2 protein chains.
Amino acid sequence: MDSLKQCITKETQIDTSSIEVILSSFYTRDLKKGDFFLRAGKLCTQMAFIDTGYLRMFDIVDGKEVTFWIGSSGKFITSLSSFVFQTTNFWNIQAITDCKLHIIDRESHFTLCKQQPKWLEFDNHLLAHSFALLEQKILSQLHTSSQQRFDALFKADPQLFNHVPLQYIASMLGITPETLSRLRKKNAN
Amino acid sequence: MDSLKQCITKETQIDTSSIEVILSSFYTRDLKKGDFFLRAGKLCTQMAFIDTGYLRMFDIVDGKEVTFWIGSSGKFITSLSSFVFQTTNFWNIQAITDCKLHIIDRESHFTLCKQQPKWLEFDNHLLAHSFALLEQKILSQLHTSSQQRFDALFKADPQLFNHVPLQYIASMLGITPETLSRLRKKNAN
DNA sequence: AGAACCACTTGACATAAATCAAGAAAATGT
DNA sequence: ACATTTTCTTGATTTATGTCAAGTGGTTCT
């Protein structure tokens, strides 16, 4: 759980005993490529920290899969509104590669929130950050070209393109696989 | 505050004294067309229920205004992550028409959350709903055409087009004013 | 009321991106 | 290791949308 520990301690000053309590609320689970972490229509009762691997969050619209987000190591992944508010979740979350996850259950999470102020603080940070990310994503969809979105993503996480089927990346950028292929070619020259 | 009362009671069963306490935490404020409810760079310490009028939430990118959302009567408007987590807000919120708002301050809000379980419940609903809205908006930007987004908006709120400058609506849909003009023409025939 | 401004529309044209179709490359299963 | 399937690339073409420019109608201000 070293990576998770780092992720938390990077964000907030925290004493050894507290971090240990927090870490002990997580358990580790391995997913094989293709396994589902969550399916549409279910309640989401778990939040996962991605130790290694990639997962994608997608919806099926008019029979087509639309990838909303791809999570990679060092990030948390969950269907946030369902996890927090127990509304019906409509996302699918699936492992794109073999994954190692550190998972916390909903009840453990809320217990921790009450008992460990530092976890509450960290969780608040996570929530605010997630919300800001969504807003940023919308903003970029509203006024940037495919080219610009590709460039930004490539700069932010070049490794992604080596580990994840490009069709998912294309979908996440709101473009077709063909267009992504051409942008990549341009980028290489 | 009748409209606000209705908005809350529509969502949850609540006794008379509780709703009165909640309503008394709000105060009313009028905005003139063009007035700002919030400016980028500030902390957001207020959440507003729109009794009458329209407001827009926008950011300035590369010198251009990008409208993120337009709020109309019966909705709440605030820079949510800033209001909840006191992170720096980067949205501008401006009255598009004269507006009547019912406002609650951040401290009052958190006091209410502790003292009135029904308000906490209602707030949870608001948060979950907001989050789901953002997700939906991203999804629609990722896989629908201008035409489809226009149709959906026109169906959801035809009145909007009579009260709000079309350039803001265009921006919110991620298209140019010219394209919106042509879609409207098509729609009329 | 008139001047100035602003918002919207329209047309001509340019461009980005989607679609369709074929083939190459890579990954997977046996 | 081979056959099969999936994923990616490439080219030709079409389509949707953006850009530029001009003109119209409406609103606001003094």
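Nothing here was measured: the structure is a model prediction, and the numbers come from that model. Proteins get letters first, then strands, A, B, ... in listed order; numbering begins at 1 in each.
When the C1' atoms of four end pairs are superposed on the next four at each end of the helix from dA1(C)-dT30(D) to dT30(C)-dA1(D), using five pairs per end, the two resulting axes differ in direction by 60°, to 10°.
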Check the pair Ser79(B) / Asn89(B) against side-chain hydrogen bond (donor to acceptor under 3.5 Å, both in side chains), numbers first and verdict last. CA-CA 7 Å; Ser79(B) 177; Asn89(B) 155 68; 2.7 Å; yes
Donor-acceptor pairs under 3.5 angstrom involving side-chain atoms of residues 41-48 of chain B: please list them, not counting sequence neighbours.
unit_1: Gln46(B); atom_1: NE2; unit_2: Tyr27(B); atom_2: OH; d: 2.7

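No path of Ile, Leu, Val, Met, Phe, Trp and Tyr side chains, each step under 4.5 Å between heavy atoms, connects Leu120(B) with Phe110(A), placing them in separate hydrophobic clusters.
Cluster partners of Leu166(B), using a side-chain heavy-atom cutoff of under 4.5 Å among ILVMFWY residues and allowing indirect links, are Tyr54(B), Ile70(B), Ile96(B), Phe150(B), Leu153(B), Phe154(B), Leu160(B), Phe161(B), Val164(B), Tyr168(B), Ile169(B), Met172(B), Leu173(B), Ile175(B), Leu180(B), Leu183(B). Residues Phe36(A), Phe58(A) make up the rest of the hydrophobic cluster containing Ile60(A), defined by ILVMFWY side-chain heavy atoms closer than 4.5 Å, directly or through other members.
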Protein N or O to nucleotides 11-20 of chain C N or O, pairs below 3.5 Å:
unit_1: dG11(C); atom_1: N7; unit_2: Arg182(B); atom_2: NH2; d: 2.7
unit_1: dG11(C); atom_1: O6; unit_2: Arg182(B); atom_2: NH2; d: 3.0
unit_1: dA12(C); atom_1: N6; unit_2: Arg182(B); atom_2: NH2; d: 3.4
unit_1: dA17(C); atom_1: OP1; unit_2: Ser146(A); atom_2: N; d: 2.9
unit_1: dA17(C); atom_1: OP1; unit_2: Ser146(A); atom_2: OG; d: 3.1
unit_1: dA17(C); atom_1: O5'; unit_2: Ser146(A); atom_2: OG; d: 3.4
unit_1: dA18(C); atom_1: OP2; unit_2: Thr176(A); atom_2: N; d: 3.4
unit_1: dA18(C); atom_1: OP2; unit_2: Thr176(A); atom_2: OG1; d: 3.0
unit_1: dA18(C); atom_1: OP2; unit_2: Thr179(A); atom_2: OG1; d: 2.4
unit_1: dT19(C); atom_1: O4; unit_2: Arg182(A); atom_2: NH1; d: 3.4
unit_1: dC20(C); atom_1: N4; unit_2: Glu178(A); atom_2: OE2; d: 3.3

Protein-nucleotides 23-30 of chain D N/O pairs under 3.5 Å:
none

Protein and nucleotides 4-7 of chain D: nitrogen or oxygen contacts under 3.5 angstrom:
unit_1: dT7(D); atom_1: OP1; unit_2: Gln167(A); atom_2: NE2; d: 3.3
unit_1: dT7(D); atom_1: O5'; unit_2: Gln167(A); atom_2: NE2; d: 3.4

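For Glu121(B), the salt bridge (charged side-chain N to carboxylate O under 4.0 Å, His left out) partners are Lys118(B), not counting sequence neighbours. Here Thr97(B) pairs with nothing under the side-chain hydrogen bond (donor to acceptor under 3.5 Å, both in side chains) rule; sequence neighbours left out. Applying the side-chain contact (heavy atoms from CB on, under 4.5 Å) rule to Ala132(A) yields no partners; only residues at least two apart in sequence or on another chain are considered. In this view, Asp98(A) and Lys32(A) satisfy the salt bridge (charged side-chain N to carboxylate O under 4.0 Å, His left out) rule, not counting sequence neighbours.
For residues 70-95 of chain B, every residue pair satisfying the ring pair (Phe, Tyr, Trp, His ring centres under 6.0 Å) rule, not counting sequence neighbours, is listed here: Phe49(B)-Phe76(B), Phe68(B)-Trp91(B), Phe76(B)-Phe122(B), Phe83(B)-His109(B).
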